[in-house]
Structure formats: structure tokens, C-alpha cells
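Working notes, beginning with the structure itself.
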Amino acid sequence: MKKKDLISITDYSKEDYLRILELAADFEKNPNQRLLEGKVVASLFFEPSTRTRLSFETAINRLGGRIIGFSDAGSSSVSKGETLHDTTRMVSNYVDLIVMRHPLEGSSRYAAEVADVPVINAGDGANQHPTQTLLDMYSILKTQGTLDNINIFMIGDLKYGRTVHSLLMAMSQFENPIFNFIAPDELAMPEEYKLFLKEKGIRYFEHTEINENINHADIIYMTRVQKERFMDPIEYEKVKNVYILRNNMLANTKPNMRILHPLPRVNEIHPDVDSNEKAYYFEQARNGVYTRQAIIAHILNLK
Amino acid sequence: MKKKDLISITDYSKEDYLRILELAADFEKNPNQRLLEGKVVASLFFEPSTRTRLSFETAINRLGGRIIGFSDAGSSSVSKGETLHDTTRMVSNYVDLIVMRHPLEGSSRYAAEVADVPVINAGDGANQHPTQTLLDMYSILKTQGTLDNINIFMIGDLKYGRTVHSLLMAMSQFENPIFNFIAPDELAMPEEYKLFLKEKGIRYFEHTEINENINHADIIYMTRVQKERFMDPIEYEKVKNVYILRNNMLANTKPNMRILHPLPRVNEIHPDVDSNEKAYYFEQARNGVYTRQAIIAHILNLK
Amino acid sequence: MKKKDLISITDYSKEDYLRILELAADFEKNPNQRLLEGKVVASLFFEPSTRTRLSFETAINRLGGRIIGFSDAGSSSVSKGETLHDTTRMVSNYVDLIVMRHPLEGSSRYAAEVADVPVINAGDGANQHPTQTLLDMYSILKTQGTLDNINIFMIGDLKYGRTVHSLLMAMSQFENPIFNFIAPDELAMPEEYKLFLKEKGIRYFEHTEINENINHADIIYMTRVQKERFMDPIEYEKVKNVYILRNNMLANTKPNMRILHPLPRVNEIHPDVDSNEKAYYFEQARNGVYTRQAIIAHILNLK
């Protein structure tokens with residue numbers, strides 16, 4: 001039987017998504033299920049990522065699995081010049097599953113080809129972060145009761161933000177989504193994604209500032225506008241305070257609307273939003289544990 | 001029910017202390033009690049501290065719990081500019097208990113307010129390190145048979161040493177303690193603590209060198225004199241060799257006297273003391289495991 | 001009863017080797033044996049070594065043990081000036097077994113003297129790495145069916161390579177080995193080891209390049225030629241491409257011949273060798289887990 005990996009969100013079908021989301025709901029009800037008893041998982045973080053790593057390691061521990069690995073490349077053999085090929089082959093000999101974060105695009109796909117055991121991509125550079133997308137979908141499903149007919153506002157860096165690209169691809173598989181993109185011109189949603197939506201006949205709208213349009217949103221998905229993305233620092237200074245969500249902007253938003261953010265945030269959501277019941281980003285982080293338990297169970301055929 | 005935290009040694013009553021010390025004695029008899037089965041503990045060390053971290057992680061493992069976390073801020077989201085508020089909220093969503101070491105004073109109290117789960121302060125800058133104080137008390141109780149009528153000599157850096165301040169506060173709750181402070185003028189016990197003792201009618205004496213006075217001691221509590229505490233390096237050079245405890249100074253000390261040190265030591269206790277039966281600092285470190293098991297059990301109501 | 005340590009390969013007798021290799025075969029058949037249940041092992045890596053560390057930690061986890069420790073000295077108390085003596089005494093109070101990697105020769109022996117619990121040397125500078133030798137022996141036994149009458153070619157850095165020195169010492173205890181050394185003059189096998197072989201009446205041959213002689217080999221043991229070993233960079237440039245094993249050199253080697261390498265490799269084995277069935281270095285790495293389980297079981301008398 002061919003091993004399952006999770007490298008790109010587009011590797012999975014709508015049925016896979018729904019199966020994983022169903023499992024996630026089951027783990028949320030009962031997080032401590034010792035399905036990984038006697039199994040060892042490698043957690044290979046070639047670059048630091050506290051949230052993703054701790055979320056995965058919580059998921060593995062609550063499943064009764066054991067963890068080996070590293071949290072940055074400094075304490076790995078990479079510093080001795082070992083190739084990704086050799087590191088992957090070596091670790092693949094030790095464990096039952098590899099979770100990998102690596103700064104290079106395509107590194108996860110390559111590791112999955114080399115390894116004898118399943119590989120889960122925990123982020124490969126600007127490319128893919130599919131477990132984030134699945135936890136985003138779980139958060140939408142949980143708060144909206146459905147993945148159909150969702151009006152999603154994506155705000156901030158829509159050019160480099162891999163999370164918004166993957167979420168766009170995934171949500172396009174469901175009925176009648178509407179996308180609204182709010183970004184500075186320099187960080188607008190790339191043409192290829194807009195073309196993809198056009199070809200599927202999915203509606204989308206573009207805006208350059210946060211205004212009363214958000215009153216139509218079911219989901220507001222905030223992302224960070226990072227200074228280092230701008231060629232010209234003056235351009236950054238111009239826009240840095242424009243894409244900040246504040247509590248007073250939310251007065252007339254829909255009752256079912258929820259605000260998501262992949263975190264960490266810097267200042268793009270003002271702290272005064274945190275106490276608004278529509279702020280959902282910390283619960284979203286918690287959903288990451290259940291979703292990752294579900295992904296592991298799905299990949300290793302544990303349930 | 002309000003969650004319990006352990007942030008400052010003064011948060012706890014004499015009854016709490018005694019309850020924890022009783023539990024510690026029980027864990028010393030039987031360290032492997034799987035009371036944390038199915039639970040995950042976050043070990044968040046925003047600055048390195050091998051001893052405290054390994055002691056806590058041993059305690060958690062012997063209780064059957066699982067651990068996630070980091071051993072320095074470098075591999076945390078802090079490097080992406082995330083606030084302590086957000087890191088704490090995020091981790092609080094994953095785990096059943098947070099153990100936190102942070103360089104900023106007050107950080108633990110703040111984290112405890114933000115987190116939904118209990119927080120144990122494993123040291124917040126120069127402020128508090130309450131689990132150290134409890135293991136110090138356990139060591140005193142174990143070696144002296146009582147916490148009443150103890151004559152404690154505190155030697156070294158009494159100005160910045162948080163362990164001596166906390167121990168002073170805690171021991172002042174018991175009957176008839178006597179304190180002796182031996183420190184250079186630059187590192188003398190601060191006025192506020194002496195005032196506190198005066199108001200409680202507790203006797204204390206001050207000295208500027210180690211001499212035959214220590215023959216009255218039940219406990220000698222050594223601390224490190226750190227170079228970086230001195231404005232003027234010449235002042236440091238003057239005193240650095242004065243506050244070194246040597247075996248030949250111990251000849252006439254009381255048979256029940258024991259030497260404590262929070263460790264790590266640099267040179268303030270000469271290695272020739274190590275083989276003296278009055279040297280107790282390594283046993284003291286071992287007591288840290290049992291005491292931390294007791295603190296965790298107390299906070300999570302496991303016993 | 002005196003505690004057992006594993007510091008140098010020469011501490012152990014031929015009977016010890018055979019007992020450990022027998023246990024390793026048992027663990028290979030059934031790697032998940034919870035013999036370390038309720039035990040805590042310290043994994044103290046004062047310098048990074050992914051392979052050795054992950055292999056040990058996999059072994060401990062598959063035995064049901066728990067792990068505390070650090071993966072580099074940066075997050076240890078060493079940065080506060082603590083001596084190896086004090087760190088070892090402290091950790092020895094927490095755990096049931098210490099696995100230690102340290103850059104200084106002799107550090108493991110010293111730690112074993114200080115610690116109350118057994119110490120396994122996971123590499124002490126250029127000195128010893130005995131668990132590597134045992135996994136090398138297990139790999140030879142598994143692929144050759146015997147440890148007697150083995151013709152071993154050692155290639156690369158035979159001067160500084162501790163793994164080849166230890167393997168030479170260990171294999172010399174078995175019947176009728178033949179050693180072939182292929183190295184540049186600057187990195188030739190030291191006189192002391194050749195003298196040792198002479199005194200035991202063991203045959204050895206020296207070569208300065210890889211040629212058809214390897215067709216007699218049962219085992220080819222490759223090692224890395226490290227630039228930093230050369231005084232004169234020009235000498236390194238001269239030899240760096242000479243000691244590279246390529247697939248086309250293997251056409252006439254014996255059917256039972258297998259290629260070992262302690263890993264990580266840089267370029268001394270060309271990737272085109274990887275798919276040759278005589279390439280055994282990744283399986284060898286896997287054997288490391290079973291061998292280390294066996295060593296732990298032997299040292300703690302678990303089987």
C-alpha cells in the first residue's frame with residue numbers, strides 16, 4: 001500500500017478534507033486517545049516555529065506517541081554539511097512518521113520521496129503549510145456550521161502569504177464561496193489565483209482598504225504585513241497602519257462573523273479586538289491541536 | 001473554582017508550605033506516581049536554566065506527564081515579535097499547566113492572569129523563584145527535623161540574590177528564626193527586608209566576613225557573588241576571594257549544620273568542602289525534583 | 001554491586017560484545033519493549049550530534065523511558081561557568097542513566113567517576129565513541145554472518161577517525177581479521193595501531209589509493225576526509241577527490257561485500273553508490289537504534 005503524505009493542500013480531495021475535519025471534531029471531544037502508543041515521531045524543524053511545533057508536539061503527546069527531533073537547524077547535522085537527502089534517509093530509519101518544517105520550497109516533497117515513512121509538511125518556505133489550512137477550515141466549519149456559501153475577507157499581505165493562497169484553493173472546492181481581498185497594491189493577490197477563481201466561476205472582489213465592506217463578511221482572515229516584503233521602506237511606512245483591524249470597525253459586522261489569524265500577530269489586530277466575541281484566533285490555535293491529531297490519524301490509518 | 005498558580009512565595013500560607021513539604025516527602029519515598037497521565041505540561045524557558053528546567057522535566061516525567069516547550073527564547077516565536085500575552089494565550093490552549101522562566105520581573109504574574117491554566121513561576125528575573133524556596137525549605141526540614149528555631153547564615157550576594165530574599169520571607173513564618181547576613185557592603189541585605197524582620201520582632205545580625213560566627217549556624221546558605229553586579233570592577237576584585245567557603249572553616253561548626261547553595265556555583269564553595277558530610281547542595285538539588293512534583297500535585301489537585 | 005558504564009570500547013570483553021549483539025538482534029525483532037518504564041535518562045549533548053542523539057533518543061523512547069537533557073551546551077549551565085563535575089553530580093541526582101557527548105577527551109570517564117548512575121559515552125572529542133563501534137560490529141555480523149575472518153578496508157581519514165581506531169581494536173578480538181588501510185600519507189593509520197596489530201600477529205596492508213584491491217574486501221569502511229585536518233590547504237586540495245567511492249569501482253567486489261560509513265557523509269561516497277545493494281550505511285544507521293537499546297539493557301541489567 002502506498003504511504004500517505006501531506007505535502008500540499010491540493011494533494012487532498014474534498015473527501016479527504018471532510019474526513020479529517022470529522023476526525024478533528026472527534027479529537028476535540030476526546031483529545032487523549034493513545035493511538036500512537038509505541039510509535040516515535042520525528043519533529044524536524046530546520047527553522048524555528050514555536051506555534052506549529054508546539055501544536056504538533058501536543059497532538060503527538062496526547063495521542064501517546066513519543067517525539068525525537070530538533071527545533072532549529074543549528075543543533076542538526078546540517079551544520080556538518082549533511083544533505084537533506086541523507087538526514088531524511090537516516091531519520092526515516094528511526095521513526096514511524098516525519099513532521100518537517102524547512103525554509104526551502106519543495107523540500108517537503110523531496111523528503112517525502114526519499115523517506116520510507118509518511119511525511120507531513122509543517123511549512124516549506126513560501127510554498128505550502130497545509131496543516132494550517134486544515135485547521136483554518138476546521139475553524140470555519142466549527143464557527144459557521146458549514147463550508148458552503150462562505151464570504152471570506154482576506155486582509156494584509158496577500159502576495160506572499162501562503163496561508164491565504166492555500167485557504168483559497170481549499171475553499172474553492174466547496175459550494176459558492178465569495179472572496180474579498182484587501183491589500184496594498186504591492187501585496188495584492190497574485191494574478192494566478194484570480195485566474196484560478198475566474199476559471200471556476202467563483203466571485204471575488206478587490207479593495208485597497210478596510211471599510212464597511214467587511215460588514216458582509218462571514219470570516220475575516222487577517223495576515224501580517226511584514227516590513228521585509230517591501231523593496232522600498234517608504235512604501236511600507238505608507239501602508240503599515242492601514243491594515244490594522246480595530247474593535248470600532250466591527251460594530252456592524254454580522255453576528256456569525258469570526259476573525260481568524262494564523263498567528264503570530266504583531267500589530268495588525270489591535271489588542272482591543274481580543275475581548276470581542278468575534279475574535280477567534282486563539283481558539284483557532286487550539287483547533288490546530290485537534291486538526292493535527294486528525295491528520296496524523298488519517299495518514300497512519302489509525303482510525 | 002479559581003485556578004491555583006505559584007508566582008511568589010508570599011502567595012502561599014504556612015499551611016500551603018507544610019502541605020507541599022508533606023507531599024514532597026511522599027514523592028521522595030515513591031517518585032514514580034503517574035498522576036499526570038494524559039496531561040501535557042508546557043516548559044517555557046525564555047532564558048536558559050539547565051538545573052531548574054531539568055529538575056522540572058524530571059518531576060513531570062516521573063509523574064507520567066508529557067512535555068512541550070523550549071529551552072531558550074531563540075527557538076520561540078518571540079524572535080518574530082510575538083508578545084508574551086499572545087504566546088501565553090496560545091500555549092494555554094494546548095496544555096494543562098505552564099512552567100515559565102522569563103528574564104523580566106512580573107512576567108509570570110502577567111502570564112498567570114492571561115492563561116486559562118495554572119502557571120508556575122520558574123524564575124522571573126531578579127524577582128521571584130518560589131519553587132527554589134520550597135526546595136530550600138524541604139532541605140532544611142529534612143536535615144534539621146523542623147522549620148522552627150533555625151539559625152540561618154546567608155552569605156554572598158544578599159542584595160540581588162532572589163533566593164535569599166524569598167527564603168527569608170518564608171522562614172519568617174515559622175517560630176523564632178535567627179538570621180545572620182554576611183556580605184560585602186555593596187551587596188548587603190536591602191533595608192526593606194531588615195525592616196520586615198524588625199517589624200516581626202525577628203532577630204538578625206550583619207557581618208562583612210566569614211569568621212567563627214558560623215559555628216552557631218544550623219544552615220549556611222551560600223550564594224554566588226557575580227562580577228556583573230559591581231559598578232566598579234575594582235570593588236569586585238577586592239571582595240571576590242573573601243566570600244569563599246573552605247573546608248578548614250568548618251571544623252567547629254555544629255554537627256547538625258548543613259551547607260545549602262542554589263547552584264550553579266562558580267568558586268564560592270571550594271571543592272574541598274564537597275566531601276564534608278555537611279555539604280548538602282547536591283542532595284538539595286535532588287530534593288528539587290520531589291518538591292516540584294509536590295508543587296505540581298498541589299496546584300493541579302492531584303493528591 | 002559496581003555500576004556498569006560504557007566509556008571505551010576496550011572496557012568490554014569479547015563476551016560483552018557478543019552479549020550486546022545478541023540483545024541487539026532481539027530488539028531488532030521487537031523494538032518496542034517497555035523495559036525503561038518509570039525510568040528517566042539524561043541525554044547531555046555538550047556539542048550537537050543529530051544522528052547519535054536521535055538514535056539514542058529513539059532507543060530510549062522505544063524502551064518506554066523518558067528523556068531530559070539538552071542538544072548543545074548553549075542551553076546548559078555551562079554558559080554560567082558551571083564545571084562538568086557539578087553538572088554531572090546534579091544530573092546524576094535526577095536520572096537513572098546518563099548519555100553524554102562532550103568535545104573534551106576524557107570527559108566521559110571523568111563523568112562516570114563523579115556520577116552515581118551509569119554513564120554511556122556518546123563521543124568524547126577525538127577519543128572514543130564506543131556505541132558507534134558496537135553498531136558497526138552489529139552491521140558486520142548481520143551482513144557477514146560472523147565476526148571471524150573478516151577482511152576490512154578502512155578508507156579516508158585513518159589518523160583522526162576515532163571510529164576506525166575503535167573498530168580495529170574491537171575486531172582484533174575475533175579470529176583472523178585482515179585490515180587494509182587506504183589513506184593519504186598525512187592521514188595514515190597511526191603507528192601505535194599498526195604496532196598493536198603486529199604484536200597480536202594480525203595482518204594489515206597499507207595503500208594510498210582506492211584500486212582493484214578492494215575486490216578482496218568483505219567490508220569497506222569509509223570515513224570523511226575533513227579539510228580542517230590539514231595544516232596546508234593545498235595538501236587537502238590534492239587528496240580531496242582521491243578518496244571518493246564511486247559505483248563504477250564496485251563492479252568486481254565480492255557479493256557479500258557491504259559498505260559502511262558512520263555518517264554524516266559529505267562527498268566521500270558518490271550518490272550513485274546509494275542504489276547499489278552493497279551500500280549499507282543507511283541500514284547501519286538503523287542498526288544504531290537496536291544496538292543502543294541493547295547497550296542500555298546490558299548496562300542497566302534489564303534483560
Side-chain angles (χ1 to χ4, degrees), chain A residues 28 30-34 36 43 45-67 69-75 101 135 224 226-228 261-269 271 274-275 279-290 292-293, chain B residues 34-48 50 53 57 60-61 63-102 110-111 113-117 119 300 302:
Chain A
E28 179 162 5
N30 180 12
N32 289 321
Q33 303 186 32
R34 301 183 72 81
L36 282 179
S43 172
F45 280 71
F46 291 87
E47 64 176 9
S49 170
T50 320
R51 188 173 322 276
T52 303
R53 184 171 65 81
L54 296 189
S55 172
F56 262 114
E57 296 188 9
T58 303
I60 296 161
N61 277 315
R62 292 209 182 276
L63 290 170
R66 297 299 188 91
I67 299 159
F70 43 83
S71 55
D72 60 80
S75 46
R101 157 76 58 119
L135 81 87
R224 224 180 338 151
Q226 291 174 280
K227 192 175 183 174
E228 57 267 36
H261 189 301
L263 302 182
R265 70 169 158 181
V266 177
N267 70 342
E268 59 278 6
I269 299 178
D274 291 6
S275 53
Y280 193 72
Y281 25 95
F282 292 116
E283 287 85 347
Q284 179 189 7
R286 182 198 296 260
N287 291 337
V289 175
Y290 313 128
R292 288 178 173 119
Q293 289 184 295
Chain B
R34 301 184 72 81
L35 304 168
L36 282 179
E37 191 80 53
K39 292 204 160 51
V40 180
V41 180
S43 172
L44 307 184
F45 280 70
F46 290 88
E47 64 177 10
T50 321
R53 184 171 64 81
E57 295 187 9
I60 296 161
N61 277 314
L63 290 171
R66 298 299 187 91
I67 299 160
I68 63 163
F70 44 83
S71 54
D72 60 78
S75 46
S76 82
S77 290
V78 174
S79 53
K80 292 187 189 169
E82 187 171 58
T83 61
L84 180 60
H85 172 276
D86 282 13
T87 301
T88 305
R89 280 289 298 269
M90 180 259 293
V91 171
S92 163
N93 271 329
Y94 296 167
V95 298
D96 302 290
L97 174 68
I98 294 173
V99 173
M100 192 172 114
R101 156 76 57 118
H102 196 286
Y110 179 66
E113 283 163 15
V114 168
D116 294 326
V117 298
V119 173
L300 294 179
L302 301 176

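Values in this document were obtained by computation on a predicted structure and should not be read as measured data. Letters go in sequence order (proteins before strands), and every chain restarts at 1.
In this structure, A:Arg34 pairs ionically with B:Glu37, as a charged nitrogen and a carboxylate oxygen lie closer than 4.0 Å. Salt bridge annotation for B:Asp86-A:Arg51: absent, with no cationic side-chain nitrogen under 4.0 angstrom from a carboxylate oxygen.
Here the OG1 atom belonging to B:Thr88 is positioned 9.5 Å from the CZ atom belonging to A:Phe282, to the nearest 0.5 angstrom. To the nearest 0.5 Å, atoms CD (A:Glu57) and CZ (B:Phe70) are separated by 12.0 Å. Atom CD1 of A:Ile60 and atom CD1 of B:Ile68 lie 11.0 Å apart (nearest 0.5 Å). Taking CG of B:Asn93 as the start and OG1 of A:Thr58 as the end, the distance is 10.5 Å to the nearest 0.5 Å.
Of all the heavy atoms in A:Pro264 and B:Glu82, the pair that sits closest is CB-OE2, 3.4 Å. For the pair B:Val91 and A:Leu54, the tightest heavy-atom approach, listed with the atom from each and the gap, is CG2-CD1, 4.0 Å.
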Could you check A:Arg66 against B:Arg66 for side-chain contact (heavy atoms from CB on, under 4.5 Å), going step by step and ending with a plain yes or no? CA-CA 9 Å; A:Arg66 297 299 188 91; B:Arg66 298 299 187 91; 3.5 Å; yes
Intermediate values then yes/no, side-chain contact (heavy atoms from CB on, under 4.5 Å), B:Thr87 and A:Thr50: CA-CA 9 Å; B:Thr87 301; A:Thr50 320; 5.6 Å; no
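Without hydrogens or angle criteria, A:Asn32 side chain to B:Gly38 main chain gives a donor-acceptor distance under 3.5 Å.
At a 4.5 Å heavy-atom cutoff, the contact between A:Asp274 and chain B is made by side-chain atoms alone.
Taking chain B as the reference chain and counting heavy-atom pairs below 4.5 Å, the highest number among A:Ala59, A:Gly288, A:Pro31, A:Gly65 is found for A:Gly65.
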